[in-house]
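What follows is a single structure, written as structure tokens, with notes after it.
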Amino acid sequence: MKFMKLGSKADTFQGDGSCGRFVASELPTDVVIVVGDVKFSLHKFPLLSKCNYLQKLVLKANEISDEIHLPDFPGGPKAFEICAKFCYGMTVTLNAYNVVAARCAAEYLGMAEEVERGNLIFKIEVFLNSSIFRSWKDTIIVLQTARSLLPWSEDLKVIGRCIDSIASKTSVDPSSVHWSYTYNRKAATPDQIHEVTARPHHIYASVPKDWWVEDICELEIDCYKRVMFAIKAKGRMSAGVIGEALQAYAIRWLPNSVDALVSEDHVRRNKALVETIIWLLPSDKVIGGFCSFLLKLLKVSILVGVGDGPRDELIKKISLQLYNASLDDLLIPARSSDIITVYDIGLMQTLVNQFAKQHSHDVDYVEGNETSDDFAFGHDSWLKVGKLVDGYLGEVAQDPNLPLSSFIELSQSVPDSARDTHDDLYKAIDKYLREHPGLTKFEKRKICGLMDVKKLTSAACMNAAQNERLPLRVVVQVLFFEQVRAAATGLNAPQNLSCDSSQSTPNTQDFEKAMPQDLNILSKQMGDLKISEKERSKNWRKDGKKGNKSKAGRAMLLSSRSRRIFDRFWVAAKGNGENRSSETSGSSLSPTSFNPGETKSSGSSSRHRRHSIS
């Protein structure tokens, strides 16, 4: 720490045991100056020779009394004593902790060059400009102490000069940093102070870009805000470092406890702090590893009741990089009394809608220029968001108060291209069906209509085929498409269920044609399936390879399940004629089209054969 000594005489200021201070001298004192609750018994001559303001006060005091009162004296009795000692020529030491108070006190007393050359104001200004503002840590200390001396410190431009000095130092190249700074994060040891001046020049390059972050975290929010605005105005600091600084400041000042966060004593301060951090956030679209902090800040902003403006700005910044979020951070509890669900699904819906609005061009790339770099990035970001949405649906689906409309709306907020598979969506739907057993048939069909069985993996198909919570029509779709997918891999697919070998899944038209619209066609299909199964069984016995064994076994299992379902369709259709149940009928409708008026007949007798393994 820098310091400056003034004067050479011994310090003879003494106390009288109560609230009085006097100078031990052979000459009697002739003036009493009251500062706060302290009375100073002093001599007029040394004071009046350097203090213009005291000259005027003494002339008035002689006409009234011997006491001079100095109300609202900046810095209080300690600052006045520094000025008095300087007038007596006694030794006084100025440092970063008392220099601002001494400067303000000298201004109050009028200790300028017009009164006497080399007066206190001049000497303090020299000390500030030559030492304090050139020292990184001393400048921060001065800025902290200046807050208690407003408006004097502001009028004297002490605060402004401190801020400009700090902003200038943070903007220099890290290799040029040659002063001490605090760096306790990452690989640094706790409370370690780096004395860079003691290092050889080649170590300067190891100074991190965010070397300044922790030191300015000690500033109060009003000073911190002005410093950060000045740093951003310099235009030399990257958005990533700015974001890291804001994150460190939030960790430093925001309490970990929710009770402490929303307590009456601190909620107003915490609200102002959060709003300030939001407005200081960099405007860049994406900052690596920053989305998690933004979502935590959003949770805090909801707790402390941040205004709509800052909150909407924060939501906009989060939605820009939603694909970098984690599922745990997105599970934000609902705080409003109007929301009956555990998590704020409306907030999640807003985030996804904002993301879709800001990345709408990425969807165009999916449908068009799929070879461009923009497509690769845009499609990848959509896939991440789609996975987040399905994972989120899986969590909130277990809430018994979650409306079906909210589930469907959030699921449909991402385009079809955002899901490579529908496994996670199927899991979410299954959880919702399990937690909401009172759904009507129409509601079950509606929620299952969100799922494309052609995008289910084999493992998901195996599970869905035995899931008794799914409508029977969905199970039929699953069995059929898995059967045709197995056939498409080259395992002797039936001729009337043929599909392009380059496709892994059939299209809906193939499925519609294969439904038992005509009993003769269905009978022929079942015969082909049985023959195909026998042929695969023979081929499997001949081929002892492990890979063929697993593929054939899966195909045999699925074809067996498919045959049981289709056999039941055939028997029911044969026995009931034209009065077949709509769920198992051979109508010309696609199995993906649902009629609210459908009822079950033979389907109910086959449900005991299926069970859920989810």
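Atom CG of L47 is separated from atom CE of M111 by 8.5 Å, given to the nearest 0.5 angstrom. Considering CG of L273 and CD1 of I221, their distance stands at 4.0 Å, rounded to 0.5 Å. To the nearest 0.5 Å, the span separating CD1 on I340 from CG on N401 amounts to 4.5 Å. The distance from atom NZ of K157 to atom CG of L128, rounded to the nearest 0.5 Å, is 14.5 Å. With values rounded to the nearest 0.5 angstrom, T350 atom OG1 is found 8.0 Å from D344 atom CG.
Applying the side-chain hydrogen bond (donor to acceptor under 3.5 Å, both in side chains) test to E116 and every residue at least two apart in sequence or in another chain returns K50. In this structure, D173 has no salt bridge (charged side-chain N to carboxylate O under 4.0 Å, His left out) partners at least two apart in sequence or on a different chain. Residues satisfying the salt bridge (charged side-chain N to carboxylate O under 4.0 Å, His left out) test with E395, not counting sequence neighbours, are none. Taking the side-chain hydrogen bond (donor to acceptor under 3.5 Å, both in side chains) definition, one finds that Q14 meets it with nothing, sequence neighbours left out. Judged as a salt bridge (charged side-chain N to carboxylate O under 4.0 Å, His left out), and not counting sequence neighbours, K2 has no contacts. For E114, the side chain to side chain contact (heavy atoms under 4.5 Å, CB included) criterion is met by A112, not counting sequence neighbours. By the side chain to side chain contact (heavy atoms under 4.5 Å, CB included) test, V342 pairs with D399, sequence neighbours left out. Applying the side-chain hydrogen bond (donor to acceptor under 3.5 Å, both in side chains) test to K296 and every residue at least two apart in sequence or in another chain returns S292, D329. Looking at residues two or more places apart in sequence or on another chain, you find a salt bridge (charged side-chain N to carboxylate O under 4.0 Å, His left out) between E107 and R103.
The backbone N or O of L48 lies less than 3.5 Å from a partner atom in the side chain of Q55, making a donor-acceptor pair. A donor-acceptor pair is defined here as one N or O able to donate and one able to accept, closer than 3.5 Å; no such pair exists between the side chain of K137 and the backbone of D215. Judged by distance alone, the side chain of S301 and the main-chain N or O of L298 form a donor-acceptor pair under 3.5 Å. Remark: side-chain polar atoms of Y181 are not paired, donor with acceptor, to backbone N or O of E214 under 3.5 angstrom.
Closest heavy-atom contact between A428 and D390: CB-O, 4.1 Å. Residues L327 and L388 share a closest heavy-atom pair of N-CD2, 3.9 Å. In this structure, S171 and A167 approach most closely via the heavy-atom pair OG-O, 2.9 Å. Contact detail for P310 and G307: the closest heavy-atom pair is CD-O, 3.4 Å. Here the shortest heavy-atom pairing between K169 and F133 reads NZ-O, 2.9 Å. Contact record, N119 with E113: N-OE2, 2.9 Å, taken as the closest heavy-atom pair.
A heavy-atom distance below 4.5 Å is not found between the side chains of V396 and T341. With a 4.5 Å cut-off on side-chain heavy atoms, S153 and T145 do not count as touching. The side-chain heavy atoms of V158 and V99, taken from C-beta on, include no pair separated by under 4.5 Å. With contacts defined as side-chain heavy-atom distances shorter than 4.5 Å, the pair L261/H266 does not qualify. The shortest distance between side-chain heavy atoms of F290 and L281 falls below 4.5 Å. Put simply, the side chain of I302 reaches to within 4.5 Å of the side chain of R311, judged on heavy atoms. You'll find the side chain of M1 reaches within 4.5 Å of the side chain of I141, heavy atoms only. Proximity of Y392 to Y343: side-chain heavy atoms (C-beta onward) are separated by under 4.5 Å at one or more points.
Within a 6.0 Å sphere centred on CZ of F13, heavy atoms belonging to other residues, nucleotides or ligands number more than 12. Atom CZ of F122 is surrounded by 12 or fewer heavy atoms from other residues, nucleotides or ligands within 6.0 Å. For K225, the NZ atom counts as loosely surrounded, since its 6.0 Å shell holds 12 or fewer non-hydrogen atoms of other residues, nucleotides or ligands.
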Would you check, one step at a time, whether the test side chain to side chain contact (heavy atoms under 4.5 Å, CB included) holds for V126 with M4? CA-CA 10 Å; V126 171; M4 180 176 71; 5.9 Å; no

Determine, step by step, whether R236 and T170 satisfy the side chain to side chain contact (heavy atoms under 4.5 Å, CB included) criterion, reporting the C-alpha distance in whole Å, the side-chain angles of both residues, the deciding distance to 0.1 Å, and the verdict. CA-CA 9 Å; R236 301 175 185 174; T170 60; over 6 Å; no

Could you walk me through whether L6 and L120 pass the side chain to side chain contact (heavy atoms under 4.5 Å, CB included) check? CA-CA 9 Å; L6 300 175; L120 185 57; 3.8 Å; yes

Side chain to side chain contact (heavy atoms under 4.5 Å, CB included) between E218 and R252, worked out: CA-CA 8 Å; E218 300 305 314; R252 168 66 178 83; 3.3 Å; yes

Under the criterion salt bridge (Lys or Arg N to Asp or Glu O under 4.0 Å), I'd like the reasoning laid out for D164 against K234: C-alpha separation, chi angles, the key distance, then a yes or no. CA-CA 10 Å; D164 185 65; K234 295 286 183 181; 3.7 Å; yes

Yes or no on salt bridge (Lys or Arg N to Asp or Glu O under 4.0 Å) for D380 and K384, after CA distance, side-chain angles and deciding distance? CA-CA 6 Å; D380 183 62; K384 292 178 180 178; 3.5 Å; yes

Check: residues 25-40 side-chain donor-acceptor pairs under 3.5 Å, at least two apart:
from, atom 1, to, atom 2, distance (Å)
S25, OG, L27, N, 3.2
D30, OD1, K44, N, 2.8
K39, NZ, E67, OE2, 3.3

Only distances under 3.5 Å count here; give the side-chain donor-acceptor pairs of residues 80-94 to other protein atoms, sequence neighbours excluded, each with its distance to 0.1 Å.
from, atom 1, to, atom 2, distance (Å)
E81, OE1, R21, NE, 3.3
E81, OE2, R21, NH2, 2.8
E81, OE2, K85, NZ, 3.3
K85, NZ, D11, OD2, 2.7
Y88, OH, H43, N, 2.8
Y88, OH, H43, ND1, 2.9
T91, OG1, K9, O, 3.2

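For residues 256-271, no residue pair satisfies the salt bridge (charged side-chain N to carboxylate O under 4.0 Å, His left out) rule, not counting sequence neighbours.
By the 30° and 60° cut-offs, the orientation of the rings of F355 relative to W382 is perpendicular. Using cut-offs of 30° and 60° on the angle between ring planes, the pair Y108 and F73 is perpendicular.
Using a 4.0 Å cut-off between a side-chain N of Lys or Arg and a carboxylate O of Asp or Glu, R161 and E125 qualify as a salt bridge.
Side-chain contact check for K357 and S319: no donor-acceptor pair (N or O, by modelled atom type) lies under 3.5 Å.
Tested against I132, the residues V100, D138, N95 include a single side-chain contact (heavy atoms from CB on, under 4.5 Å) partner, D138.
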